Enquirer: 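Handing you this structure, nothing more for now.
Below, chains carry the letters A, B, ... as their sequence lines are ordered, and counting in each starts from 1. Predicted model only: the values in this text are computed from it and were never measured.
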There are 4 protein chains.
Amino acid sequence: MSMAEGRALRADARRNRARILEAAEAVFAAQGVSASTEDVARRAGVGIGTVFRHFPTKESLVEEVFLGRVRMLADKAAALSEADAGTAFFRFFAYAVEQAATQNAYADVLAEAAATGGTGGEEGAAPSAVGRELAAALAELLARAQRAGAVRADMGVAELVALLIGASRAAEHVGPEVRRHTLDIVFDGLRPHE
Amino acid sequence: MSMAEGRALRADARRNRARILEAAEAVFAAQGVSASTEDVARRAGVGIGTVFRHFPTKESLVEEVFLGRVRMLADKAAALSEADAGTAFFRFFAYAVEQAATQNAYADVLAEAAATGGTGGEEGAAPSAVGRELAAALAELLARAQRAGAVRADMGVAELVALLIGASRAAEHVGPEVRRHTLDIVFDGLRPHE
Amino acid sequence: MSMAEGRALRADARRNRARILEAAEAVFAAQGVSASTEDVARRAGVGIGTVFRHFPTKESLVEEVFLGRVRMLADKAAALSEADAGTAFFRFFAYAVEQAATQNAYADVLAEAAATGGTGGEEGAAPSAVGRELAAALAELLARAQRAGAVRADMGVAELVALLIGASRAAEHVGPEVRRHTLDIVFDGLRPHE
Amino acid sequence: MSMAEGRALRADARRNRARILEAAEAVFAAQGVSASTEDVARRAGVGIGTVFRHFPTKESLVEEVFLGRVRMLADKAAALSEADAGTAFFRFFAYAVEQAATQNAYADVLAEAAATGGTGGEEGAAPSAVGRELAAALAELLARAQRAGAVRADMGVAELVALLIGASRAAEHVGPEVRRHTLDIVFDGLRPHE
DNA sequence: AATGAATGAGTATTCATTCAT
DNA sequence: TATGAATGAATACTCATTCAT
């Protein structure tokens with residue numbers, strides 16, 4: 001009441017919230033989102049009631065976890081925009097796919113969130129602010145790479161997102177070597193065409 | 001109770017098994033594999049006990065359903081092998097992806113089954129006979145296309161499967177137009193390089 | 001399939017259903033309807049799943065229990081109709097109240113069910129068949145007693161039900177002597193007036 | 001933290017206590033006593049901890065709220081004692097019933113409280129001071145009406161309380177017209193006989 | 001062989017109560 | 001003293017699996 005904070009949670013409450021999200025991220029990645037909320041609580045070292053105080057539904061917890069991952073990718077994309085356009089683009093693509101490979105359960109929802117940000121996604125998923133953020137970052141990255149002649153001009157963010165989704169999903173199922181090789185094939189497809 | 005037994009009952013049982021598989025395919029496609037076994041039984045018009053007599057676990061039922069889909073793909077691959085190599089290859093790829101797009105719940109397990117068939121899959125899933133069958137068909141299809149010069153030589157079945165998985169997963173999340181366009185990009189990547 | 005039964009439950013299933021209802025009756029009477037379903041199952045000696053198989057909601061179980069009580073009262077009312085009208089009426093009233101006194105949690109819902117059967121009840125409770133049955137029996141009982149001059153003419157089933165409810169509820173809170181005495185007062189009020 | 005403490009805080013606390021009771025009265029009346037304590041706190045505009053500081057159990061809060069209602073009835077009874085004995089008696093009876101009709105969740109506990117005040121109540125509930133107060137007021141009211149010949153002599157406070165409870169409970173279930181009519185019947189029963 | 005009733009571990013969610021801030 | 005975050009026992013309900021009929 002004396003500090004100027006947004007929805008000020010007490011320090012330890014904020015800490016707990018973070019721990020729960022962390023735990024959920026780990027648990028969902030390991031067992032899929034059908035893992036029990038109790039498992040998340042146990043891993044976070046808090047009572048089950050605490051989880052539900054912070055996230056009133058399991059669904060809301062799942063959403064928040066996905067949002068966290070999307071936000072991270074968006075940050076990464078924004079950061080890379082400054083560098084040499086083509087390199088930045090391909091480096092980001094590889095990075096995003098690599099991430100998804102280790103956090104398997106997320107890949108598609110992550111991508112879905114991105115898709116809601118203004119591409120060609122089909123379902124009426126909530127067009128989250130962060131999703132839009134990511135879409136904007138991707139658009140920038142792609143446009144620069146195209147202007148630099150590193151990426152074919154006849155494609156948009158929708159295709160980019162689709163390829164990210166696909167490559168991420170594929171990455172879950174194969175070893176690192178095949179992953180790299182497969183990515184090279186996709187990259188060749190992305191380059192300008194004679 | 002007073003009918004000719006032996007063969008008669010066997011035929012009945014076979015019919016039931018088929019009906020259950022059909023029902024499961026429909027139910028899982030509609031509600032995902034987390035649909036209840038009871039739903040499957042109801043749709044098949046049999047008792048729940050009958051389902052478990054034919055498939056001792058739910059998991060075994062799910063597997064069998066997926067196996068059915070994989071078998072279909074393998075057949076398609078084998079059939080196309082006869083045609084012009086390049087055309088066959090790309091036509092099959094597009095077909096498989098299109099299938100996955102409409103049967104979304106299956107895509108990943110389908111892909112997993114394929115992966116077990118001798119590629120670079122990581123988990124220790126049993127390398128099912130059908131999976132191997134599919135892998136063989138894919139190998140044939142790929143080899144012919146490569147020999148015909150329609151597909152780059154520096155890739156194997158592992159990469160093909162990875163791309164199939166990825167493209168299938170991506171297909172679930174985007175509309176048909178983006179899907180086609182994305183596939184073109186991947187196809188360009190698959191063609192022989194400079 | 002060979003016997004002519006309504007919704008034929010297997011013999012043991014019917015037995016279980018009955019046991020569950022009995023157990024629920026006892027448990028609800030002792031602890032109120034907020035007693036846990038698990039308690040009911042335990043008392044009935046069946047698994048929790050069995051309770052839910054027979055009564056898909058706790059609410060449905062509660063309803064069924066109440067219905068059982070109402071049905072019993074209706075039977076009693078019908079049986080008494082034959083006897084001397086005045087005696088029958090007052091005997092039934094006393095009996096119903098006595099019942100309620102020992103099965104405290106039910107009194108009002110029992111009465112509510114009766115009220116839905118065509119009296120002046122306020123809420124939109126489902127006009128259950130049994131409730132209507134009871135109302136009809138009550139109407140008959142009352143009309144006969146009135147024709148016999150044993151009960152005042154200026155009242156209807158609505159008032160009778162209200163008095164039954166009230167006397168039943170009151171009976172829960174006082175000892176048998178006071179109960180009898182209180183009932184006498186109400187009976188005096190019910191008799192024709194100078 | 002720097003204000004005049006001692007009295008000042010006490011006054012604050014007293015105000016909070018009152019607000020909580022008010023809120024509880026409203027919330028319980030609207031949703032029944034199974035409403036959550038958090039709802040009460042929210043409505044009172046205080047933290048949940050504050051509610052539990054003033055009332056160490058939820059039960060104690062519920063009791064206090066009921067006590068308040070009983071106290072009100074006792075006051076009413078005392079006030080009416082001054083008026084014409086017969087009128088006072090019947091007016092009070094009607095008033096008490098009318099109250100219960102609109103505040104349904106309370107009726108039985110209210111009645112219980114009254115019952116503990118020295119009548120024939122069965123359970124070992126603590127004979128609260130207020131309950132005794134009410135019983136005394138009722139005794140006075142009744143005695144006067146009996147002396148005035150307006151109420152039958154062969155009944156005591158126990159029967160009066162029983163009838164109040166019963167009429168109150170009945171009042172919850174029927175519309176105002178039936179309520180009035182039913183009350184007339186009870187009143188006829190209460191009047192001196194032949 | 002087919003049935004469907006029975007089972008009970010498991011799940012999300014609520015809520016009275018405690019306690020650090 | 002007031003706050004509200006944390007707690008965890010309790011609850012209704014689901015579903016894969018077993019087994020008597």
Enquirer: Grab the CG-P distance between A:Leu61 and E:dT11 for me, whole Å please.
Expert: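 Atom CG in A:Leu61 sits about 15 Å away from atom P in E:dT11.
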Enquirer: Closer than 3.5 angstrom, by distance alone: can the side chain of B:Lys58 be matched with the main-chain N or O of B:Val33 as a donor-acceptor pair?
Expert: yes
Enquirer: Please check the phosphate of E:dA1 (OP1 and OP2 only) for any side-chain N or O of B:His54 closer than 4.0 Å.
Expert: no
Enquirer: Indicate yes or no: does C:Asp12 engage C:Arg15 in a salt bridge with an N to O separation below 4.0 Å.
Expert: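 The answer is no: the pair does not qualify as a salt bridge.
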Enquirer: What is the distance, rounded to the nearest whole Å, between atom CZ of A:Arg14 and atom C1' of E:dA20?
Expert: 16 Å
Enquirer: What integer distance in Å separates D:Glu59:CD from E:dT17:P?
Expert: 9 Å
Enquirer: Would you please enumerate the stems DNA chain F participates in, each stem being three or more consecutive Watson-Crick or G-U wobble pairs with both distances under 3.5 Å?
Expert: E:2-21 with F:2-21
Enquirer: If you assign each of B:Pro56 and D:Val51 to its closest nucleotide in DNA chain F, which residue comes earlier from the 5' end?
Expert: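 Closest to the 5' end, via its nearest nucleotide, is D:Val51.
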Enquirer: Quick one: is E:dT7 close enough that its OP1 or OP2 comes under 4.0 Å of any side-chain N or O from C:Thr50?
Expert: yes
Enquirer: Take atom CD1 of C:Ile20 and atom P of F:dA12, then tell me their distance rounded to the nearest Å.
Expert: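 So the CD1-P distance, C:Ile20 to F:dA12, works out to 15 Å.
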Enquirer: In whole Å, I'd like the distance from the CD1 atom of D:Ile48 to the P atom of E:dC15.
Expert: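 Taking atom P of E:dC15 as the reference, CD1 of D:Ile48 is at 11 Å.
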Enquirer: With rounding to the nearest 0.5 angstrom, report the CZ to CD1 distance, A:Arg53 to A:Ile48.
Expert: 14.0 Å
Enquirer: Is D:Arg43 close to D:Val40 at the side-chain level, that is, under 4.5 Å between some pair of heavy atoms?
Expert: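 Of all side-chain heavy-atom pairs linking D:Arg43 with D:Val40, none is under 4.5 Å.
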Enquirer: Between B:Ile20 and B:Phe55, what is the shortest heavy-atom contact and its length?
Expert: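 For B:Ile20 and B:Phe55, the tightest heavy-atom pair comes out as CG2-CE1, 3.7 Å.
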Enquirer: Give the rounded distance in Å between these two atoms: CZ of B:Arg15 and C1' of E:dA2.
Expert: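 In whole Å, E:dA2 C1' lies 14 Å from B:Arg15 CZ.
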Enquirer: Quick one: pull up CZ in B:Arg17 and CG in B:Leu61 and give me the separation to the nearest 0.5 Å.
Expert: 9.5 Å
Enquirer: Are OP1 or OP2 of F:dT1 and a side-chain N or O of D:Asn16 less than 4.0 angstrom apart?
Expert: no
Enquirer: Whole-Å distance between E:dT14 C1' and C:Lys58 NZ?
Expert: 14 Å
Enquirer: If only side-chain N and O atoms of B:Arg53 are considered, is one of them under 4.0 Å from the OP1 or OP2 phosphate oxygen of E:dA1?
Expert: yes
Enquirer: What are the two closest heavy atoms between A:Thr50 and A:Asn16, and how far apart are they?
Expert: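 Looking at all heavy atoms of both residues, the closest pair is CG2-ND2, 4.3 Å.
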Enquirer: A:Phe55 or D:Ser34: which one's nearest nucleotide on DNA chain E is closer to the 5' end?
Expert: A:Phe55
Enquirer: Rounded at 0.5 Å granularity, tell me how far CD in B:Glu25 sits from CD in B:Glu64.
Expert: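 Here the rounded value is 11.5 Å.
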Enquirer: List in numerical order all residues of residues 36-47 of chain B for which some heavy atom is under 4.0 Å away from an atom belonging to DNA chain E.
Expert: B:Val46, B:Gly47
Enquirer: Using atom CD of C:Gln31 as one end and atom C1' of F:dT11 as the other, report the distance to the nearest whole Å.
Expert: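 Rounded to whole Å, this separation is 14 Å.
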Enquirer: Mind checking the CD-OG spacing from C:Gln31 to C:Ser36? Nearest 0.5 Å is all I need.
Expert: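 The CD atom of C:Gln31 sits 7.0 Å away from the OG atom of C:Ser36.
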